[in-house]
Enquirer: 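Sending over a structure as structure tokens; questions will come in a sec.
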Amino acid sequence: MKKTIIAAVALALTATACTPGSGSPSGGATAPTTVKTDAAALGQVELTVWDQEVRGGQAAQMAEQIKGFEAKYPNIKIKRVSRSFDDLKTTLRLALSGNDAPDVVQANNGRSDMGEFVKAGQLLPLDKWAEAYKWGDRYPASVLQYSRYSADGKTFGEGNLYGLPQVGEVVGLYYNKTKVPTPPASWAEFEAALAKAKAAGDVPLQFGNLDKWPAIHVFGTVQDQFVPADQITKLAFGRPGASWKTPENQQAAETLVSWVDKGYFNNGFNGQGYDPAWQDFGKGKGTFLIAGTWLQADLQKALGDKVGFMLPPGGKPVTGGTGLPFAITNKAKNPDAAAAYINYITSPDAMKVLTSTGNLPIADTATQQAPAGLAGDIFKSFGTAVSTGALAPYLDYATPTMYDTLGASLQDLLAKRATPAQFLDKLEADYSKFAGK
């Protein structure tokens, strides 16, 4: 997001209803030729919506958005199914292949999820609705690229638009202000603070990796310090011309292992869940927590003015992008109503609701008045990452299998079941098979 995103949402009415796409020979669902944006004229509709907005601030904003949408459009009722990130990832693939698929879903942007759904023709291209609702006026290309795929699901970051996110994300350092009165100004100072916390008998870094994906964020934060930004982008988007087997990636893997050797993580971190780990941090156990901005509301509630947030020091790339985008399935009974719902929950007014409930809006961010304290830290950090072009994509985006490969390989690396070189060999094999050399 490299420009100020300010615009009103324009509504345009066309004469012909859209029908769900049944899939094309090339792999993608059929794009609608015309769309309706007068949601009040769509008749009685029930939309089944699957999302993963389950934590405090996330759940609060979604409940408020749905209440407002149903008040504005009483002819459309929302049947909401809320699942954790892991449950949604596990069940969505099966649901989309069934006859009773939801109408609207949050789908992980990565190739293993959205890319595969696009390839199977299970998501509708949203370009006609994006044009009618003028989503491009508020969402710049640098944000929309995270929800674009070619119709065959092969090319990520280009092609049709298949989703629209509500929130921005950046992975950084939460820190307990009572233990870190002065935030570290460099990576060396950060590592020195970890050593100081260990010597004082505290847990330097709270970490729960039972779910495997949390280590992707921790490793990404370390990798950002050593690997050039353009190489990270090529690896993360699965594009040719990069390699995992470089001295910089080796250094990143060795650094992560050194943190294990020095006892910087809590005991049993590979067997502890993500939620219990950040909840322990919220109880004052631990000095730092590497995590995303989606924990803002919950940690603010738990620690009040004792918690701060910062980008990893050093002015390097930072892992981040968008939250899970909302998409329309190819079996949606009324795609126009589904698009109206997505338009409502991503509108300028929706961005205000997101701000007031402790979330980080992806659009109109500059026009929001962020509260002081943690929310102010996060707004400032995200603004810095966006304005400097520092956002680096999530590494699991790379290939259809990288989410599983990277998660399992990191568990092995952290448990000393694999050396840094063996770890990188596994990632290189997955990447090379998909991207070629």
Side-chain angles (χ1 to χ4, degrees), residues 1-3 5 52 55 57-58 85 106 108-110 113-114 139-148 156-157 163-175 187 190 213-237 252 274 278 288-297 299 308-325 351 354-355 358-363 365-366 368 370 374-398 402-403 406:
M1 182 164 38
K2 299 180 181 178
K3 64 179 182 180
I5 316 166
Q52 57 102 52
R55 297 188 180 93
Q58 296 172 317
F85 173 85
Q106 267 187 301
N108 190 349
N109 318 51
D113 294 286
M114 181 173 279
Y139 284 71
S142 58
V143 169
L144 294 179
Q145 68 173 344
Y146 285 94
S147 299
R148 288 194 182 278
F156 186 14
L164 202 63
Q166 285 186 302
V167 296
E169 296 179 352
V170 64
V171 176
L173 308 178
Y174 289 96
Y175 60 95
W187 187 254
F190 170 57
W213 62 263
I216 298 175
H217 297 171
V218 175
F219 175 73
T221 298
V222 177
Q223 183 197 42
D224 292 340
Q225 296 296 315
F226 301 106
V227 181
D230 64 323
Q231 292 298 298
I232 295 174
T233 298
K234 286 182 179 179
L235 288 172
F237 277 132
Y274 176 75
W278 70 255
F288 290 96
L289 173 73
I290 295 178
T293 47
W294 51 86
L295 292 179
Q296 172 190 328
L299 290 178
F309 181 88
M310 62 179 291
L311 298 178
K316 302 290 186 177
V318 292
T319 300
T322 78
L324 269 62
M351 297 299 128
L354 285 161
T355 302
N359 295 279
L360 180 62
I362 188 68
T365 310
Q368 307 301 323
L374 182 61
D377 291 349
I378 285 176
F379 269 62
K380 180 180 178 181
S381 296
F382 185 70
T384 298
V386 169
S387 64
T388 59
L391 285 180
Y394 292 107
L395 296 171
D396 56 285
Y397 287 172
M402 185 60 78
Y403 177 89
L406 185 54

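Only heavy atoms go into these numbers, but all of them, side chains included; no hydrogens, no water, no symmetry mates.
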Enquirer: Counting only N and O atoms by type, is there a donor-acceptor contact under 3.5 Å from the side chain of Asn359 to the main-chain atoms of Gly57?
Expert: yes

Enquirer: Distance check, rounded to the nearest 0.5 Å: Ile216 atom CD1 versus Leu406 atom CG?
Expert: 4.5 Å

Enquirer: What distance separates Met402 CE from Leu235 CG, expressed to the nearest 0.5 Å?
Expert: 8.0 Å

Enquirer: Is there side-chain contact between Phe379 and Thr293, with heavy atoms separated by less than 4.5 Å?
Expert: no

Enquirer: Write down the atom of Ala363, the atom of Met351, and the distance for their closest heavy-atom approach.
Expert: O-CG, 3.3 Å

Enquirer: Does the pair Trp294 and Val167 meet the rule for a side chain to side chain contact (heavy atoms under 4.5 Å, CB included), with working shown?
Expert: CA-CA 9 Å; Trp294 51 86; Val167 296; over 6 Å; no

Enquirer: Answer yes or no: is there a side-chain heavy-atom contact under 4.5 Å between Tyr274 and Phe85?
Expert: no

Enquirer: When rounded to the nearest 0.5 angstrom, what is the spacing between CG in Leu360 and CD in Gln166?
Expert: 11.5 Å

Enquirer: Under the 3.5 angstrom rule, does the side chain of Asp377 hit a backbone N or O of Gly308 as a donor-acceptor pair?
Expert: no

Enquirer: Got a second to check how far Asn108's CG is from Tyr403's OH, nearest 0.5 Å?
Expert: 7.5 Å

Enquirer: Apply side chain to side chain contact (heavy atoms under 4.5 Å, CB included) to Arg148 and list each qualifying residue two or more places apart in sequence or on a separate chain.
Expert: Asp127, Leu144, Leu161

Enquirer: Going by the angle between their ring planes, with limits at 30° and 60°, are Phe190 and Phe288 parallel, tilted or perpendicular?
Expert: perpendicular

Enquirer: For the residue pair Tyr397 and Phe156, does the interplanar ring angle fall in the parallel (under 30°), tilted (30 to 60°) or perpendicular (over 60°) class?
Expert: perpendicular

Enquirer: With sequence neighbours excluded, what pairs up with Gln225 under the side chain to side chain contact (heavy atoms under 4.5 Å, CB included) test?
Expert: Trp187, Pro312, Lys316

Enquirer: Would you indicate whether the side-chain heavy atoms of Leu295 and Arg55 approach each other to under 4.5 Å?
Expert: yes

Enquirer: Rounded to the nearest 0.5 Å, how far does CG of Leu391 lie from CD1 of Ile232?
Expert: 11.5 Å

Enquirer: Are Thr384 and Val318 packed together at the side-chain level, in the sense that at least one heavy-atom pair is separated by less than 4.5 angstrom?
Expert: no

Enquirer: Give a yes or no on whether the backbone of Thr319 and the side-chain of Asp224 come within a donor-acceptor separation of less than 3.5 Å.
Expert: yes

Enquirer: Side chain to side chain contact (heavy atoms under 4.5 Å, CB included), that's the test. Do Leu173 and Leu289 meet it? Break it down for me.
Expert: CA-CA 6 Å; Leu173 308 178; Leu289 173 73; over 6 Å; no

Enquirer: Using ring pair (Phe, Tyr, Trp, His ring centres under 6.0 Å) as the criterion, list what pairs up with Phe309, not counting sequence neighbours.
Expert: Tyr174

Enquirer: What are the two closest heavy atoms between Tyr139 and Pro165, and how far apart are they?
Expert: OH-O, 2.7 Å

Enquirer: Hey, does Leu395 have a side-chain heavy atom less than 4.5 Å from the side chain of Phe219?
Expert: yes

Enquirer: Between Met310 and Ser381, what is the shortest heavy-atom contact and its length?
Expert: CA-OG, 4.0 Å

Enquirer: I'd like to know if the side chain of Gln231 and the backbone of Pro228 have a donor-acceptor N/O pair within less than 3.5 Å.
Expert: no

Enquirer: Looking only at heavy atoms, what is the nearest atom pair of Glu169 and Gly323, with distance?
Expert: OE2-CA, 3.1 Å

Enquirer: I'd like to check Pro393 versus Phe237 (side-chain heavy atoms, cut-off strictly below 4.5 Å). Are they in contact?
Expert: yes

Enquirer: Determine whether Leu299 and Trp278 make a side-chain contact, defined as any pair of heavy atoms from C-beta on separated by less than 4.5 Å.
Expert: yes

Enquirer: Treating Gln106 as the side-chain partner and Leu324 as the backbone partner, does any N or O pair qualify as donor plus acceptor under 3.5 Å?
Expert: yes

